[in-house]
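Structure first, commentary second.
In what follows, chains are A, B, ... by sequence order, proteins preceding strands, each numbered from 1. Everything quoted here is computed from the prediction, not taken from an experiment.
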Amino acid sequence: MTQEELFKKLIAHSKEYGFVFPSSEIYDGLSAVYDYGQNGVELKNNIKRYWWESMTRLHENIVGIDAAIFMHPTTWVASGHVGAFNDPLIDNKDSKKRYRADVLIEDWIQKQEDKINKEVEKARKRFGDSFNEELYRQTNPRVTEITAKKDEVNHRMVEALQQNNLPEIKKIIEDCEIACPISGTRNWTEVRQFNLMFETKLGSVSDEANTIYLRPETAQGIFVNYLNVQKTGRMKIPFGIAQIGKAFRNEIVARQFIFRMREFEQMEMQFFVRPGEEMKWYEYWKEKRMSWHRTMGFGDDKYRFHKHEKLAHYANAASDIEFEFPFGFKEVEGIHSRTDFDLSNHQKHSGKKLQYFDPETGESYVPYVIETSIGLDRTFLLVLSAAYHEEKITKEDGSTDERVVLKIPPALAPVKLAIFPLLKKDGLPEMARKIMDDLKFDFACQYEEKDTIGKRYRRHDAIGTPFCITIDHQTLEDETVTIRYRDTMEQERVPASRLREIMTEKVSITNLLKQI
RNA sequence: GCGGGAGUAGCUCAGUCGGUAGAGCAUCAGCCUUCCAAGCUGAGGGUCGCGGGUUCGAGUCUCGUCUCCCGCUCCA
């Protein structure tokens, strides 16, 4: 089976067993929007808990918040999103490739600079020690010509971007005779604007309303509350603020199931540190986060770091944790050194002092920030794709059989234990109900009495239930039950009175947290 | 946006030459069996994505349209 087929089966399985449904399906769906079903929401909540507790419980100096999705519009001016997330796009009609129009122009400008540098180097060789680079740059006719043209284009581009003048951007591309690197042609479409932030109106009367944005990242909710948390929590640097919440990006192309959605959920932690110590903490969090992933037990070779060479406007170092999905190694989490970019800009735009007085050094400063930002939906997909197994089984009579099993770590599984009476008579259902009533306060349990026992086992394999408890005639005599293990399909007989203790040991998130 | 693929029952799919809708699984009710899916009987479930055209007659031919999935620049 190819990876693509496997991925398709995984998507079908997700729907079939109540993990993920296409949004608004009865109306033909909505592109790249998905809903989490009855099992999906449990798995998702368990992942959230694993993350949340690994942050807030295991670190005394990390606390959580839950900021609103709506934020003051100036937030996004300060964060750089208003400027940086307005991408003018253009398509080449021959190669069918899509480009960011400003990037095309920037590449052209870079080319001109390369040309100039080449000229300078040539001249340096020619003139030897007597070479005056500055003078040459100012006087050489060829260099000054290219420089002038380059500066003019740059000026036009900046102005056009500021005024959102798309036809002008198209004209620049035409004037510079920029060709598509793939097709080599200059057969371009019009330039179109893709605003990555969703707009909405605040206020019930539309003409009085202000345009606000749905947040494109949760981080800013942390930054604008930095001072509130620091003061009210009497936090001392270094300290962190964690948050789980929805974010929205009007992606140009949103694809690959729940991997890239327009509405998605992030789990972010911003860690505030003393300037100059950011690299130490950057390395610390890279290791911590990788360890969190590996503890789930899907295999260390499924993960790798990817270092960003090209950095975002706010970062001075950035690495991704990538996981090997059925469609290749893809980013699940980013660990970014964000410098003091965000807090400084909020300080500037708000006029509020966002500084920290460090009693150890006796100085005030704007803290530096290390960000860990993980996609919850991506982690969900990670768990599902790593857990999905199709197994061939040889039965006692020699015939072969197949089963689909989700080997989800027990602590994250939507249903922890399924409770079955072996027969639907002889008082077994009553006994099973009694055991379930006792355990349901501590574990997500499901009771099933329909169909043969084998069918019930398989149904729970398919949703990843790690343990099935079966009540048989012997239970009536000595109060023992069998535990059937999902991964090995083996059974073990234990006293019913010990179930709580055994299950607590096997399914608690605490034990996962201890291994990080 | 462009290119490719696909829309028939909850799921997987069949449907011949254009003749009026089928199977398996699943669901529900009952019977039988009882520790690893597929025993028996019965029931429910369909505007064949949508709209027009050709035809006595369209799931099938034709035109249009919509939606979903995959690939391409961005990111968590």
Side-chain angles (χ1 to χ4, degrees), chain A residues 4 7-9 11-13 15-18 22-25 27-33 84-85 87 89-101 103-104 182 189-190 192 194 196 216-219 246-262 264-268 308 310 312 318 320-322 327 330-336 371-379 381-382 393 395-396 399 401-404 420-426 428 450-462 468 470-474 482 484 486 489-491 493:
Chain A
E4 195 181 320
F7 189 46
K8 279 192 171 152
K9 283 183 131 174
I11 293 167
H13 189 90
K15 188 186 159 196
E16 189 71 13
Y17 290 93
S23 162
S24 325
E25 202 189 3
Y27 293 109
D28 288 333
L30 189 60
S31 182
V33 184
F85 273 68
D87 298 339
L89 298 175
I90 192 165
D91 295 295
N92 183 275
K93 289 178 188 167
D94 298 312
S95 67
K96 313 290 184 199
K97 293 285 170 189
R98 167 168 291 175
Y99 300 92
R100 271 180 56 177
V103 171
L104 281 179
I182 307 283
T189 62
E190 293 308 304
R192 284 178 305 257
F194 279 81
L196 264 63
E217 64 173 16
T218 55
K246 293 262 179 137
F248 305 83
R249 290 184 197 169
N250 211 349
E251 301 287 346
I252 306 153
V253 174
R255 283 292 158 76
Q256 269 151 343
F257 194 38
I258 56 171
F259 187 80
R260 186 178 290 119
M261 295 191 290
R262 297 200 164 95
F264 61 103
E265 201 155 1
Q266 294 183 305
M267 303 193 286
E268 293 198 309
H308 281 219
K310 219 179 105 197
D320 298 334
I321 293 174
E322 296 187 336
F327 41 89
K330 297 282 176 184
E331 177 184 356
V332 177
E333 173 157 9
I335 295 108
H336 296 180
E371 165 187 276
T372 73
S373 174
I374 175 169
L376 175 55
D377 312 275
R378 289 184 178 185
T379 309
L381 184 59
L382 179 163
I393 303 158
K395 292 198 282 196
E396 282 172 17
S399 63
D401 191 8
E402 239 178 72
R403 71 163 182 160
V404 176
F420 308 146
L422 184 60
L423 300 183
K424 207 176 5 177
K425 58 183 181 188
D426 301 337
L428 297 183
K450 198 174 150 46
D451 295 316
T452 63
I453 194 79
K455 257 188 181 177
R456 285 178 270 170
Y457 286 150
R458 295 303 170 86
R459 268 206 292 269
H460 278 274
D461 286 342
C468 295
T470 302
I471 284 79
D472 57 13
H473 290 94
Q474 195 180 328
T482 59
R484 182 265 193 184
R486 176 193 68 198
M489 297 171 70
E490 279 165 5
Q491 284 176 267
R493 186 167 281 277

The residue, A:Thr482 or A:Glu268, whose nearest nucleotide of RNA chain B is more 5′ is A:Thr482

Result for 5'-nearest mapping on RNA chain B, choosing between A:Phe327 and A:Asp472, is A:Asp472

Worksheet item: For the side chain of A:Glu268 and the backbone of A:Ala219, is there at least one donor-acceptor N/O pair under 3.5 Å apart?
Response: yes

Q. Taking A:Gln266 for the side chain and A:Thr218 for the main chain, is one N or O donor matched with an acceptor at less than 3.5 Å?
A. yes

When rounded to the nearest Å, what value does the distance between [atom1] atoms of [N] and [M] take?
| N | M | atom1 | result |
| --- | --- | --- | --- |
| B:G52 | B:U60 | P | 13 Å |
| B:C66 | B:G10 | P | 25 Å |
| B:G46 | B:A38 | C1' | 25 Å |
| B:G44 | B:A6 | P | 35 Å |
| B:C70 | B:U12 | P | 15 Å |
| B:G22 | B:A43 | P | 14 Å |
| B:U54 | B:U41 | P | 48 Å |
| B:U20 | B:C11 | P | 26 Å |

Which residues pass the salt bridge (charged side-chain N to carboxylate O under 4.0 Å, His left out) test with [X], not counting sequence neighbours?
| X | value |
| --- | --- |
| A:Asp377 | none |
| A:Glu331 | none |
| A:Lys424 | none |
| A:Glu333 | A:Arg289 |

Spacing between [X] atom [atom1] and [N] atom [atom2], to the nearest angstrom:
| X | N | atom1 | atom2 | answer |
| --- | --- | --- | --- | --- |
| A:Lys15 | B:C69 | NZ | P | 12 Å |
| A:Phe259 | B:G71 | CZ | C1' | 15 Å |
| A:Lys246 | B:A76 | NZ | P | 18 Å |
| A:Ile453 | B:A37 | CD1 | C1' | 13 Å |
| A:Phe257 | B:C70 | CZ | P | 9 Å |
| A:Arg458 | B:A38 | CZ | P | 9 Å |
| A:Glu322 | B:A76 | CD | C1' | 12 Å |
| A:Lys8 | B:G4 | NZ | C1' | 11 Å |

Can you check nucleotides 26-33 of chain B for protein contacts, nitrogen or oxygen pairs under 3.5 Å, and list what you find?
{"residue": "B:A26", "atom": "OP1", "partner": "A:Lys455", "partner atom": "NZ", "Å": "3.3"}

Item checked: Near-parallel close stack of A:Phe264 and B:A76 base (under 5.5 Å, under 30°) -> yes

Note to self: Using a 4.0 Å heavy-atom cut-off, does A:Ser373 contact any base of the nucleic acid, only the sugar-phosphate backbone, or nothing at all?
What the structure shows: sugar-phosphate

With hydrogens left out and only the distance checked, is there a donor-acceptor pair under 3.5 Å joining [X]'s side chain and the base of [N]?
| X | N | result |
| --- | --- | --- |
| A:Arg486 | B:C36 | no |
| A:Arg260 | B:C75 | yes |
| A:Arg484 | B:C36 | yes |
| A:Gln491 | B:C35 | yes |

Here the helical stems involving RNA chain B, each at least 3 consecutive Watson-Crick or G-U pairs closer than 3.5 Å, sorted by first residue number, are B:1-7 with B:66-72, B:10-13 with B:22-25, B:27-31 with B:39-43, B:49-53 with B:61-65

Hits for ring pair (Phe, Tyr, Trp, His ring centres under 6.0 Å) against A:Tyr17, two or more places apart or cross-chain, chain-then-number order -> A:His13

Which of B:C70, B:C35, B:A76 is nearest the side chain of A:Arg249? It is B:A76

Out of B:G71, B:A76, B:C35, minimum distance to the side chain of A:Gln256 belongs to B:G71

Across all chains, not counting sequence neighbours, the side chain to side chain contact (heavy atoms under 4.5 Å, CB included) partners of A:Ser23 are A:Leu30, A:Val33, A:Asp35

Exercise for the section: Evaluate the ring planes of A:Phe420 and A:Tyr457, with Trp represented by its six-membered ring, and classify them as parallel (under 30°), tilted (30 to 60°) or perpendicular (over 60°). Expected result: tilted

Sequence neighbours excluded, the answer for side chain to side chain donor-acceptor pair (under 3.5 Å) partners of A:Arg484 is A:Asp461

- Geometric cation-pi criterion A:Arg262 and A:Phe248, 6.0 Å radius, 45° cone: no

